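What follows is one structure encoded as structure tokens, with my remarks underneath.
Keep in mind the model is a prediction, meaning the values are calculated, not measured. Computation of the quantities below employed the complete heavy-atom set of this structure, encompassing side-chain atoms and omitting hydrogens, waters and symmetry-equivalent molecules.
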Amino acid sequence: MKQLTKSILFAAAVAVSASAVMPATAADASKTLDQLLEQVKSDRVSERKLNKKREAEFLADRTNMKARVNKSKADLAAALQRGEELKQAFADNQDLIAEKETELENAKGNLGEMFGVVRSSAGEAVGRISTSVVSAQYPGRTALLEELAEAKALPKLEELEELWIALQTEMTESGKVVRFNTDVTKLNGDVVNEEVIRIGSFGIVGQDGYLRFDAAKGEVQPLGRQPGSHMVSAIQSFMNVDSGVGPVFIDPSRGQILGLLMQKATLTERYHQGGVVGYIITCVLAIGLLIALERIVVLTLVGGKIRAQQKNLSNPSDKNPLGRILMVGQQNKDVDLETLELKLDEAVLRELPKIERGISLIKIFAAIAPLLGLLGTVTGMIGTFQSITLFGTGDPKIMAGSISMALVTTAQGLIAALPLILAHSLAAGRAKTILSIIDEQSAGIVAEHAEQEKA
């Protein structure tokens, strides 16, 4: 229809154009109109044929679509039926599984308890054997035990026997003292193969002293810090014993006590925990002892010269205090008694500072040392309370440093005071002895002069 309309419009346009351009004859106009009519008729016939063809195709497609819809509906019904069947089969299988599990549990009987015991024993054995020093001599004993500890099925007879052998081996070897060679990783990283002695399951000793077995790395290493020297020397003697019984110190906790000894602070570390106050106390002690040593040596020498002078009173020497006192008496033997006494007192007073010099300072240092220790105690407690204020009491290690300072400085103050008091007593005693001799001889000179005046 659209094609026919277009043809008519085209013919009209051509006729109009032709008549506008040039006049045509009547015959030409009639011929053109006949052609146009024929074309219109031809187009109408073609349009009808095309429409019929399209209609036929549409009807065929509709028939096919109905068939496909019917097939899809049939497939949907079949799928729904299959889903219902599978759902019922799944429910039936669930019931069957539950029934079979019940039958399996009933069939296991005591084997279920054995399975739990085996897993538990294997897990405990892995932890014990992997960290045991016996594994340093017999490595790789935990592979099967780890499999048993994580197994989901009942163990086989061979696996049970291996578990038995592993436990029996550990028990048997824990009662033996064995020498064997192994690689020892030194503290500097060097690996040396040397002879060691395993004392049951308690520990390993070697030329470096006590050794430890690192289960994570599978290495034998010396302790980072050995215990007391007497224990290490006992190990050296024990290494040389070929037979019989030999004394040695062992750790009954299988290394825990030795581990704590490694963390224990040494005397040097304890000293440095005193901090600045501890260093000041040390300086006070050193200065006091130096002064006391100087005074004791000097006074001892002076005492020896005085004793030598006592044996020769008639020939005084100016090299000792007593000789200088005797020289004053001889130089003033012609004066009156009162003047002589004054001269002798003046001479004694002149000797007194030389003899008592520094002794009072030692006493002051002996009194200052405990006070400095008390100062360190107060300072440490202040630091402890500051730590509690900032971090709370959840971690005692935070407060340990300040508490250590408080206690260590107290001990340092007392330790410094004791030798200073003793040194002061010794120096003061020497000085007092010398002064007593001088006073005695001075009084003797006065008495002798008084007797001469009466005579």
Spatial distance of atom [atom1] ([X]) from atom [atom2] ([Y]) [nearest 0.5 Å]:
{"X": "Asp183", "Y": "Asp190", "atom1": "CG", "atom2": "CG", "answer": "12.0 Å"}
{"X": "Arg68", "Y": "Asn64", "atom1": "CZ", "atom2": "CG", "answer": "8.5 Å"}
{"X": "Leu80", "Y": "Arg82", "atom1": "CG", "atom2": "CZ", "answer": "13.0 Å"}

Quiz prompt | Stepwise side chain to side chain contact (heavy atoms under 4.5 Å, CB included) test for Ile291 and Phe365 | solution = CA-CA 10 Å; Ile291 295 174; Phe365 284 165; 4.0 Å; yes
Quiz item: Does the side chain of Ser132 pick up a donor-acceptor pair with the side chain of Glu170 at under 3.5 Å?
Solution: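 Judged by distance alone, the side chains do pair up.
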Self-check item: Any side-chain donor near an acceptor of the partner, Asn193 and Asn181, under 3.5 Å
Solution: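 No, because no side-chain N or O of Asn193 sits under 3.5 Å from a partner of the opposite role on Asn181.
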Quiz item: What's the verdict on side chain to side chain contact (heavy atoms under 4.5 Å, CB included) for Gln412 and Arg270, showing C-alpha distance, side-chain angles and the deciding distance?
Solution: CA-CA 10 Å; Gln412 288 177 339; Arg270 291 290 186 193; over 6 Å; no
[X] atom [atom1], neighbour heavy-atom count above 12 within 6.0 Å:
{"X": "Arg179", "atom1": "CZ", "value": "yes"}
{"X": "Glu55", "atom1": "CD", "value": "no"}
{"X": "Lys100", "atom1": "NZ", "value": "no"}

Practice problem: Indicate yes or no: at least one non-hydrogen side-chain atom of Ser174 is less than 4.5 angstrom from one of Val134. | Solution: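 Side-chain contact under 4.5 Å: no.
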Exercise. Look at the aromatic rings of Tyr271 and Tyr279 and report parallel, tilted or perpendicular, splitting at 30° and 60°.
Key: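 Aromatic pair Tyr271/Tyr279 classed tilted.
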Exercise. Run the numbers on Val302 and Asn320 for side chain to side chain contact (heavy atoms under 4.5 Å, CB included), then give the verdict.
Key: CA-CA 6 Å; Val302 171; Asn320 63 89; 5.5 Å; no
Quiz item: Which residue, Leu289, Ile368, Ile364, Ile287, forms the side chain to side chain contact (heavy atoms under 4.5 Å, CB included) with Leu420?
Solution: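 For Leu420, the side chain to side chain contact (heavy atoms under 4.5 Å, CB included) check succeeds only for Leu289.
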Quiz item: Charged N to carboxylate O under 4.0 angstrom, Glu356 versus Arg295?
Solution: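 The answer is no: the pair does not qualify as a salt bridge.
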